[in-house]
Protein chains: 2
Amino acid sequence: MIKVLVIEDHEEIRDLISYNLSKENCETICFDNANEGLIHLENNDVDIILLDLMLPGLKGMQFLQIVRNNKKFSGVPIIIISAKNTEQDIINGLEMGADDYLTKPFSIKILIAKINAILRRNPAIKSKVISINGINIDTGNYTVTVDGEDVSLTNKEYELLLMLLKHPKRVFTRNQILNAVWGYESDVYTRTVDTHVSSLRKKLGDRGSFIKSVPKIGYRADI
Amino acid sequence: MIKVLVIEDHEEIRDLISYNLSKENCETICFDNANEGLIHLENNDVDIILLDLMLPGLKGMQFLQIVRNNKKFSGVPIIIISAKNTEQDIINGLEMGADDYLTKPFSIKILIAKINAILRRNPAIKSKVISINGINIDTGNYTVTVDGEDVSLTNKEYELLLMLLKHPKRVFTRNQILNAVWGYESDVYTRTVDTHVSSLRKKLGDRGSFIKSVPKIGYRADI
DNA sequence: AACTAATGTCAAAGAAATGTAAAATTATTG
DNA sequence: CAATAATTTTACATTTCTTTGACATTAGTT
C-alpha cells in the first residue's frame, strides 16, 4: 500500500484525490494545512506527498523547503498541485525540489499516472537502502557502512555521498552539488565542495576512491 | 558545455550574465550589437540566445525576425531580456518567436532556471548522446566510449571532439575551433589545436582516423 | 628529386585545477 | 555558557592539463 500525504486546504479536492487514489492501492492521509502535515511526516512513513502551495499558515513553499532541507525526508517525492500556474511558479517549485508540478484544474488520471511514474522511476524510495560497491546507505536510519563497518558522516558528507550514489556515473558540477546539498540560497565558495569530498574520501577509506574528480566540471561516482 | 550567445549593449549586464553562467557549465559569447551576433550565429554553434531589445543598429526585434525566418537557426531558443515590460511588449516578443521573456531588472537565478528549463524541454539540444562510428558521447556526463570502452578525455579534447562530431563533414578552421573551444579571449597559437587533435586521435585509437586535416584550412570529422 | 610548406608528434615548461591539513568560524549540545 | 562538533576558509602541496617549441613526417610544387 502506497502511503500518500495530501496537504490541501480545499475539502472537495482532498475528497476527490482520496476517493480516486483509494482505488489505486493508495492510502491517503489528508491535512488542510502544512503544519499538521509536517508533524505527520515526522512521525509516520510516507511514500509521496501531494502539496498545495496557497495554504493558511505555513505556506507550501516553506513546507517544501523544510522537507528538502531535512535529511530524513529529503528523499520523499513531492508533487505540487497548485493554482499558481506561471512558468516561474513552476520553475520555482521544481527548483525548490518538487518532483513534479500540476496546475489546477488538473486531471485525476494524470495525477495517478504521475504518482506511479515517480515511484516507478525511483526504486530507492521504496527500498530506502542504497548498496553499492561495499558502501551501504540506509536512508531510513541515516546510517552508512563500508564493508560492514559503521562510518560516521557529518550531514554534508552524508548528503554529498547520497547525491553521488543516487546517480552513479553521472557528473555533477560543483554548483549543482552546492544547490542540492547546501541549498539555493547558500553563498559558500565552490571549493568548499572539494573540502567535503576530501573528507568523505578519507572516511570511506580505500573505498572512497570511487569519487572521481572531473577536471573543470565537478565530481562523479565512478562505479 | 552549453553555448550561450548574449546580445546586450550594457556591459555590466553582459558581465553579470557571463560571470554567473560560467559557473553553470555554460560558455557565453557576448556582443553589444545584433549585427555581430548574427555573424557569429552564422559561423558558430549556438545552443541558446539571450537577446536585449533596445540595441544600437539592428534592433532586437529585427534580429528575432531574421533568426526566426531562417530555417537554419529557427530551432535555436531565444530568451528576450528587456526593460520593455508592458504586457504588450511581452506578448509581442513571444509572438515573434521568443521562447521566453524576462523583464529587467531580472534575477540571474531565474534566468539560469529558465535556460535549464528550456534546454531540458528542447529535445534537439537535449540529445544527450551522440553516437557515431563507434564513438559515443554522453553530453550530460562528459563520458566518451569508443567501441564500448571508456576513454578518458581532458576538457579541451572533449570539447574539440564534440564540436567536430556535432557537424560531421563540416570543415572548421583552426580559428573557429579556437573560438568555440578556447573562447574568444584566448590568445593561444593556432598550432595548439593541432596538438590537441593529435592527442585526441591517439586516445581514440583506430577510430581516431576519422579526424581529417584539411590542408591550409583546418579539420573535419570525415564520417 | 629537391624544395617548400604544411601537419604530426613528443616532451619539457608553464598554468591551472584539485587535494588536503589546519586554522578560523559557526552551530550544536550538554 | 563552555565544550564539542561541524563547517568554511585559507594556504600550500600535489596532480593534471595545456601550451609551447623542437623536430619529424607528409604532401604538394616546381
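What you see is a predicted model, and the numbers here were worked out from it, not measured in a lab. Convention: sequence-line order gives letters A, B, ...; per-chain numbering from 1. Excluded from the calculations below are hydrogen atoms, water molecules and symmetry mates; all remaining heavy atoms, backbone and side chain alike, are included.
Among the heavy atoms of the strands lying under 4.0 Å from B/T195 is at least one base atom, whether or not backbone atoms are also near.
Between A/T192 and D/dT9 there is a side-chain polar atom (N or O) within less than 4.0 angstrom of OP1 or OP2. For C/dT9, the OP1/OP2 oxygens have a side-chain nitrogen or oxygen of B/S198 closer than 4.0 Å. In this model, the phosphate group of D/dT7 is not approached by any side-chain N or O of A/W182 to a distance below 4.0 Å at OP1 or OP2. Distances shorter than 4.0 Å separate some side-chain N or O of A/R174 from OP1 or OP2 on C/dT18. Note on B/R191: every side-chain N or O is 4.0 Å or more away from OP1 and OP2 of D/dT19. Side-chain N/O atoms of B/K212 include none lying less than 4.0 angstrom from OP1 or OP2 on C/dT7. Side-chain nitrogen and oxygen atoms of B/Y219 include at least one within less than 4.0 Å of the OP1 or OP2 phosphate oxygen of C/dG8. Put simply, A/H196 has no side-chain N or O that comes within less than 4.0 Å of OP1 or OP2 on D/dT7. OP1 or OP2 of D/dA5 has not a single side-chain nitrogen or oxygen of A/T154 nearer than 4.0 Å. Between B/K216 and the phosphate of D/dG28, there is no side-chain N or O to OP1/OP2 separation shorter than 4.0 Å.
Screening B/I81, B/L102, B/L5 against B/L50 for a side chain to side chain contact (heavy atoms under 4.5 Å, CB included) leaves a single residue, B/I81. Remark: of the listed residues A/K202, A/H196, A/K203, A/K203 is the sole one forming a side-chain hydrogen bond (donor to acceptor under 3.5 Å, both in side chains) with A/E157. A side chain to side chain contact (heavy atoms under 4.5 Å, CB included) with B/T143 is found for one member of A/R220, A/K169, A/R170 and no other, namely A/R220.
Look at OH on B/Y158: it is 19 Å from C1' on C/dA17, rounded to the nearest Å. Following rounding to the nearest Å, A/D194 (CG) and D/dT16 (P) show an atom-to-atom distance of 15 Å. Atom CG of B/N155 and atom P of D/dT19 are 10 Å apart (whole Å). Here C/dG8 presents its C1' atom at 14 Å from CG of B/L200, a figure rounded to the nearest Å. Rounded to an integer number of Å, the gap from CD1 of A/I217 to C1' of D/dT16 is 15 Å. In this structure, the CD atom of A/E157 is 14 Å from the C1' atom of C/dT20, given to the nearest Å. Taking atom CD1 of B/I177 as the reference point, atom C1' of C/dT7 lies 13 Å away to the nearest angstrom. Note: NZ (B/K203) to P (C/dT9) measures 15 Å, nearest angstrom.
Annotation: the span from B/I108 atom CD1 to B/N20 atom CG amounts to 4.5 Å, rounded to 0.5 Å.
With hydrogens and angles left out, the side-chain atoms of A/D89 and A/T86 include a donor and acceptor closer than 3.5 Å.
A residue-by-residue look at A/R201 and B/P215 shows that B/P215 has its nearest nucleotide of DNA chain C further toward the 5' end.
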